[in-house]
Amino acid sequence: MTEQPLVEISALDISFTTKSGRVDAVRGVSFTMGRERLGIVGESGSGKSLTARCLLGILPANAEVRSRHIVFDGIRVDTAGEAEMRRLRGRRIGMILQDPKYSLNPLLTVSQQLCEMFSIHRVGNRAEARAKAIDLLRAVGFTDADRVMASYPHELSGGMGQRAMIAMMLMTDPDLIVADEPTSALDVTVKLKVLDTMDRMVRERRMGLVLISHDLNLVAAYCDRILIMYRGRVVETLNSPDLAAARHPYTRALVDSLPRLDRQVDRLKTLDRGADWTRWENAGA
Amino acid sequence: MLEVSRLSFSYAGRHGPVPILKDISFSVPRGGAYGVIGESGSGKSTLLRLLSGLARPVEGQILVDGAPAVRWSGKMRRRVQFVMQDPYASLHPLKTINSALGEPLRIHGERDIPARVEKALAQVGLDASFRFRFPHQLSGGQRQRVAIARALIINPEIVLLDEPTSALDVSVQAEVLNLLKDLQEERQLTFVLVSHDLAVVAHMCDRASVLHSGSIVETLEARDLRAGNCSHPYSKELMASARVGLPALEVEQ
Amino acid sequence: MPAQPTLATTGQLAGSAPRSALQAALLRTAEACADIWASRLTRVGIVLVAMMVLASLAAPLLTPYSPTTTDLGARLLQPSLSHPLGTDDLGRDVLARLLYGGRATFAIVFGTLVLIVPLGLLVGVTAGFFGGIVDVVLMRLTDIFLAFPRLVLALALVAALGPSLFNAIIAVALTSWPAYARIARAETMTLRRADFISILKVLGASRPRIILFHIVPLCISSVLVRATVDLAGIIIITAGLGFLGLGVQPPYPEWGAMVSEGRRFMQDQWWMATFPGLAVLAVSLGFNLIGDGLRDVMDPRA
């Protein structure tokens, strides 16, 4: 990478204090990314979502965050105030969550929600907003953009809702999209269409993408680079084409524990949970 | 072992009956595993409700070992059991594991409950220390093991599996799938597995039907599933989704 | 998000795992009690109520006077060392009457509770579980009771049954149960479609078994929470009945009746009405605080 990195996270720790003691959810995570497609893969509780949310400053209130630095395009996110974060969120970093049912406001039309992004960040006037919204809806694959503009979220299917969400996030031409399990609420056949749409938009607009998922196959297909997280640590970083050659035993175990269409096995390999994988921390980073 | 013939189901809507399942027929031999592949809205949940006796078909019949499943009481109940998708919702939050596993035995008035509960736990790979815990003290994978133990404790012949691993992490999924395979072999169980995951179905089942808007559009042997030999456009679409990322995972042995 | 306890870590956890059903239940109860006790306001409520209940039970130890023996030579005395809360118009010690009167008040409160919780649960859970015509009939019945103002209905009932402690309990209970039926019904409606209820059906459990052993235990907590908050209201209705002379019959003391008797002397002998009034206030407050605490612990949604 010759350009200045888009995101730089160094020595990030996130912990929670609960009734039963302190929980270290993210431990010493560091990575840099440019305008590329970065996948973060891990099982539930691995800290993958927290790491990404930290970039937008939308962690739960009881989270304790420590880091050497978190930088987004030259801006120190870790020391930024709430006002500065608001300018970043939505304007320069867009976020796509798991279920459009919950991330779209059920009382507003698609048009209202898309144009609102424009007015919040004062990007342009209403006519411009509307024109842009229609453009984007067409770009994400709606042939009847005018009808979609006038509809409410409940009138859209899950896949349509998620595509509308993508369009909404693109209204302000952000530099980075964070997609947290964007397709796990969708049916398998719809999943690919949504991911293809997202992928096309990210490439065309030369944006960065952070794709968080538990699905190794999916991330391998849609990302350039993959971070594997386990218990709050990045255990391995690799380029997607090299996934088959992963060295870390945890990554290997993840790959081997999936039932696969192209290979018949009698028993699936399981994880040896006693192994001390975290000692391999940041290997290959 | 299980024979389903011309099963239909619909519910009364405002503008006449709304069909959910149309003309479903298949049969599963004893010890076999049959897959049903479908997405949300395909009618797969309704199919399982019919097979488990939670709902009655409008037309058609279900034969369990040659006997029509009409009156779901006593003996018939014990022959067919159900493991549901969400291990967080399928256990009573206020009952200990001991109580959850003992309940089927108490319902059927059986004896020797503590010993059988302990044995059932051991069979799904949980030690005796789990007996008196509450569901919230268990992980998703452990809960699903308890749900499997509960279904098996009254020795059913047919087990209906509704996406048994889709709420679990992949490494836990492998453990649960291995467990199900072992138990099936050990007890000659007949499985009906509903899933949207072709790889899981191909791993577990001998044959599978693709269910789409209430009808079976295609029935495939496991080897066809693996090879991608299918003719219906919807099956092809499913097949394409299931193969995403596979090239990247090609391992040079 | 702690790492999931897995098979590999069960060895360590086994040490703390309960080894019998009784132990598991005790552990759970202890945890719940610790949670309830953790809130300061709830502690205040528990202490307040516990003190008043204990004091009324221990009345003979705390006061040398009888609550019913009149002493016309000592009528309307101001609070003093020998009569800490003064005496009433018949020369009876107000503290003694307050302590003994608590027995009647608490008897009505707990008697009502014992009647309304099972009744409300039974009606509500049955309506919610079966739905259809059963639901319609039972819920219209509760609506009829809900439509009347509680005090007015209680008055009518006591007037019809005749004034006595027992009838007051019946009257208050009959006016209070519909709210509990509604809560239990709402809970049941969401529960009856739950996966674990479907599984029970597949296992062959009978409907009474599902209702009694599986649904009712889940409804009890919200009904109990509602009941503790409601107790304050029940005390006030009880006092209202007493105030109107329809509760406990003279000469036996009851807080509401005491306020009523003291009303005539409010101008010059303030202590006669004030102290029983304060007692009603304190107990209502105590129950309210306990109810709030219980709700926070048992119902994380609120």
Side-chain angles (χ1 to χ4, degrees), chain A residues 39 41-46 157-159 183-196 213-223 226 230 238-246 250-273, chain B residues 37-42 125 139-141 165-182 185 195-205 210 212 222-228 233-253:
Chain A
V41 180
E43 297 188 292
S44 49
S46 62
S157 68
T183 55
S184 19
L186 304 179
D187 275 331
V188 276
T189 47
V190 182
K191 198 178 263 189
L192 289 193
K193 289 174 192 149
V194 169
L195 283 169
D196 283 336
S213 177
H214 63 280
D215 190 334
L216 208 50
N217 293 345
L218 210 75
V219 172
Y222 285 95
C223 291
I226 306 176
Y230 176 70
L238 33 79
N239 293 323
S240 298
D242 306 333
L243 182 59
Y250 178 69
T251 318
R252 288 247 49 94
L254 276 188
V255 171
D256 291 335
S257 64
L258 278 174
R260 284 172 53 178
L261 272 180
D262 57 343
R263 192 175 58 184
Q264 190 165 6
V265 290
D266 197 40
R267 291 183 64 84
L268 298 165
K269 288 211 177 115
T270 53
L271 227 56
D272 172 11
R273 289 174 190 280
Chain B
I37 304 161
E39 299 182 292
S40 54
S42 62
S139 71
T165 57
S166 67
L168 306 175
D169 278 328
V170 286
S171 58
V172 183
Q173 161 171 296
E175 289 167 12
V176 171
L177 291 180
N178 283 344
L179 171 69
L180 285 170
K181 267 203 151 179
D182 292 346
E185 233 164 76
S195 177
H196 67 272
D197 189 332
L198 282 184
V200 169
V201 173
H203 176 71
M204 296 292 293
C205 301
V210 178
H212 184 49
R223 58 174 182 281
D224 295 327
L225 259 168
R226 292 182 184 286
Y234 179 71
S235 323
K236 284 185 174 160
E237 212 177 326
L238 280 175
M239 208 66 92
S241 325
R243 295 188 156 268
V244 165
L246 276 186
L249 286 174
E250 278 320 327
V251 188
E252 286 118 74
Q253 299 288 355

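Sequence lines set the chain letters: A, B, ... in the order given, protein chains first and strands last, and positions in each chain run from 1. Atom set for the values below is all heavy atoms of this structure, side chains included, hydrogens, waters and symmetry mates excluded.
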- Query: Hey, does the side chain of B:Arg226 reach the backbone of A:Arg260 with a donor-acceptor pair shorter than 3.5 angstrom?
  - Reply: yes

One should read off an interatomic distance between A:Thr251 OG1 and A:Leu243 CG, to the nearest 0.5 angstrom, of 8.0 Å

Count the heavy atoms of every other residue, nucleotide or ligand shown that sit under 6.0 Å from NZ of B:Lys181, and state whether that count exceeds 12. yes

Under 4.5 Å to a heavy atom of chain A? For B:Asp197 that would be neither

Sorted by chain and residue number, the ring pair (Phe, Tyr, Trp, His ring centres under 6.0 Å) partners of B:His212 (sequence neighbours excluded) come out as B:Tyr234

The side chain to side chain contact (heavy atoms under 4.5 Å, CB included) partners of A:Thr183 (sequence neighbours excluded) come to A:Leu186, A:Lys191, A:Val194, A:Leu195, A:Leu218

Applying a strict 4.5 Å limit to non-hydrogen atoms, the region of A:Val265 in contact with chain B is both

Under 4.5 Å to a heavy atom of chain A? For B:Leu198 that would be both

Honestly, the part of B:Ala227 sitting under 4.5 Å from a heavy atom of chain A is neither

Turns out that what part of A:Asp215 lies under 4.5 Å from chain B's heavy atoms comes down to neither

Comparing A:Val219, A:Thr270, A:Val188 against chain B, the one with the most heavy-atom pairs below 4.5 Å turns out to be A:Val188

